[in-house]
Amino acid sequence: MKRIALLTLALTLPVIAVSVAAYLVLKDDGTSSTAADILNPHPAAGPFMPDETRVEDCLEGSDDRRRCFEQAFGNLAYRTTGKAALARMARDGATETEISAGCHRIAHTVGAAVLAREDGNTGAALADGDSTCWSGFYHGLLERALAPAGSTTELASLIATLCDPVDQNWPPFTHYQCLHGLGHGLMLRTGYALDASLEMCTKLADQWSRQSCDGGVFMESFSPSLRDEPPPFDAEDPLAPCPRVAEGHKLYCYLQIADNLVRGTSYDWGRVAAACDTEANPTWRSICFQGYGRQASGNNYGRPASVAELCSVAGSTGESDCVYGAARDIASNAASGVPAATFCRLLASALAPKCFEGVGTILATLDPASAVIRRACARLTTHQVAACLRGAGLPA
């Protein structure tokens with residue numbers, strides 16, 4: 001299998017339908033409990049509460065500057081707009097390392113603040129954000145949108161309709177971010193119960209929605225947005241839990257496992273590549289290396305030459321998939337193919353088609369109109385238009 005386009009994939013993998021109120025989850029002591037016991041929300045998953053904290057207050061000094069900036073930018077979003085708060089975050093982050101280092105968590109709070117300002121209207125709130133700093137706005141918004149659920153039955157009812165695009169006029173990109181944010185929200189609403197959160201994702205209407213939700217669950221599991229301690233890592237079993245999760249959940253597990261690998265190996269990229277190489281199944285090995293590329297991009301934002309160098313570390317079995325994953329991440333984070341095309345042009349000619357193919361997959365989610373995609377591909381590249389269109393699912 002050459003590639004899997006995350007946002008447009010329609011696999012026919014089996015999904016087990018289980019009653020929401022009755023499925024079992026495994027406790028640490030090996031016993032089981034009903035799903036009604038898992039509503040153990042993270043304290044930060046509740047509604048945003050504005051106060052008088054300003055960004056200037058945090059710049060001048062604070063006992064906890066990280067939390068100060070989160071609250072201050074949330075206040076700015078609450079009293080102005082989410083887009084204005086995200087724009088200032090990006091601008092101030094260029095000179096203030098506390099902001100740039102914590103931008104994803106700050107963006108979470110901006111999303112929560114906009115949802116509070118809109119009185120819980122998810123559709124209206126989603127329109128007032130963007131993908132700045134790896135789409136933290138969407139994640140934070142959806143995390144808080146699940147707070148009203150008082151039982152697993154209510155939680156299942158909420159997630160069934162919260163991201164319904166009918167009458168919302170959302171592009172596919174926003175629809176995906178909503179579903180992905182649901183996964184983050186489920187983890188926080190259940191106190192980081194991985195299996196229970198994945199089961200909740202299976203209640204969504206179609207495979208694409210379920211897998212998009214899975215992505216948020218695994219991202220929150222491997223890179224906790226509101227936990228200070230990292231998840232466990234076993235050097236003897238570096239791809240855990242991916243080999244053991246149900247087939248329908250493997251895609252995003254393998255795509256996100258690099259989040260855990262880079263941390264567990266202290267960013268030893270050779271060891272990360274070696275871990276991906278231990279996967280015997282070629283499909284999942286390929287996806288692991290795509291995740292490697294996403295991590296290489298995320299850790300070198302704005303430095304495409306460094307991303308290309310790290311992809312070369314992936315070796316002959318992983319470099320092409322690394323390039324594909326990195327191109328997708330760059331385009332997705334910018335909600336534009338322009339910076340990704342800059343990355344693609346740095347690569348050896350043999351890798352360029354795979355790179356522009358990755359860019360095309362994201363262009364198709366930003367605006368699905370074929371004429372718009374064709375124009376975008378033509379503007380980005382002269383020699384790889386066919387690859388870009390192939391990624392977008394269009395004939396050359």
Side-chain angles (χ1 to χ4, degrees), residues 3-7 90 93-94 100-104 107 130-139 173 176-177 180 215-216 218-219 222-223 225 251-252 254-263 265 267-273 275-276 286-315 318-348 351-366 380-381 384 387-388 391:
R3 66 176 178 86
I4 296 181
L6 304 184
L7 309 185
S100 58
C103 68
H104 188 76
D130 58 38
S131 60
T132 297
C133 209
W134 292 273
S135 300
F137 170 87
Y138 300 109
H139 303 172
F173 183 81
Y176 167 76
Q177 293 295 350
H180 179 88
F218 283 115
M219 180 180 284
F222 296 138
S223 297
S225 57
L251 172 61
Y252 271 95
Y254 277 98
L255 187 71
Q256 305 279 173
I257 191 62
D259 296 18
N260 217 28
L261 291 173
V262 293
R263 187 184 302 106
T265 62
Y267 290 83
D268 184 331
W269 294 91
R271 289 178 62 195
V272 175
C276 286
S286 174
I287 298 300
C288 185
F289 276 113
Q290 288 180 26
Y292 174 112
R294 188 180 59 81
Q295 268 292 327
S297 164
N299 281 277
N300 292 276
Y301 186 65
R303 299 189 296 276
S306 297
V307 180
E309 182 178 353
L310 287 178
C311 280
S312 71
V313 174
E319 186 174 18
S320 178
D321 284 311
C322 174
V323 161
Y324 179 81
R328 287 173 49 78
D329 184 70
I330 295 168
S332 179
N333 187 50
S336 165
V338 174
T342 299
F343 165 67
C344 294
R345 285 191 284 270
L346 294 175
L347 302 171
L351 293 169
K354 188 76 169 184
C355 189
F356 277 103
E357 188 177 336
V359 176
T361 68
I362 302 302
L363 293 179
T365 72
L366 298 176
L380 294 175
T381 176
Q384 301 298 335
C388 180

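For reference, positions follow the sequence shown, starting with 1. Only this structure's heavy atoms are used, side chains among them; waters, hydrogens and symmetry mates stay out.
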Main-chain N/O of N299 paired with R303 side-chain donor or acceptor, under 3.5 Å
yes
State the CG-CZ distance between L255 and F289, to the nearest 0.5 angstrom.
13.5 Å
Those residues that, when tested against D268, pass side-chain hydrogen bond (donor to acceptor under 3.5 Å, both in side chains) (two or more places apart)
none
Heavy-atom closest contact (A387 atom, P353 atom, distance):
CB-O, 3.3 Å
Okay, side chain of R263, backbone of F222: is any donor-acceptor separation there less than 3.5 Å?
yes
With the side chain counted from C-beta on, respond yes when C288 and I257 share a heavy-atom pair under 4.5 Å apart, and no when they do not.
yes
May I ask you to decide if A296's main-chain N or O and N300's side chain share a donor-acceptor pair within less than 3.5 Å?
yes
Pair D259, R294 - check side chain to side chain contact (heavy atoms under 4.5 Å, CB included), show working.
CA-CA 9 Å; D259 296 18; R294 188 180 59 81; 2.4 Å; yes
S135 and H180: side chain to side chain contact (heavy atoms under 4.5 Å, CB included), yes or no, with the steps?
CA-CA 10 Å; S135 300; H180 179 88; over 6 Å; no
Do T265 side-chain atoms and L261 backbone N/O form a donor-acceptor pair below 3.5 Å?
yes
To the nearest 0.5 Å, atom CZ of R345 lies from atom SG of C355 at 9.5 Å
Quick one: are Y267 and V272 in side-chain contact, heavy atoms under 4.5 Å?
no
Quick one: does N333's side chain have a donor or acceptor within less than 3.5 Å of a partner on W134's backbone?
yes
Heavy atoms only: give me the nearest P304-T342 pair and the separation to one decimal.
CG-CG2, 4.5 Å
Nearest heavy-atom neighbours spanning L380 and A341
CD2-CB, 3.9 Å
All ring pair (Phe, Tyr, Trp, His ring centres under 6.0 Å) counterparts of Y292, not counting sequence neighbours
W269
Find the distance between OG (S223) and CD (Q295) and round it off to the nearest 0.5 Å.
6.0 Å
CG-SG distance between L346 and C311, expressed to the nearest 0.5 angstrom:
11.5 Å
Considering residues at least two apart in sequence or located in another chain, which fulfil the ring pair (Phe, Tyr, Trp, His ring centres under 6.0 Å) criterion with Y254?
W284
Looking only at heavy atoms, which two atoms of L351 and S320 are closest? And how far apart?
CD2-CA, 3.9 Å
Measuring from atom CD of E319 to atom CG of D321, what distance do you get when rounded to the nearest 0.5 angstrom?
10.5 Å
Provide the closest heavy-atom pair for A314 versus A273 in the form atom of the first, atom of the second, distance.
CA-CB, 4.0 Å
At what distance, to the nearest 0.5 angstrom, does CD of Q177 lie from NE2 of H139?
5.0 Å
Is a side-chain donor or acceptor of T381 paired with a backbone partner of Q384 at a separation under 3.5 angstrom?
yes
Nearest heavy atoms of F343 and A327, plus distance in Å
CE2-N, 4.0 Å
Sub-4.5 Å side-chain heavy-atom contact between V359 and L363:
yes
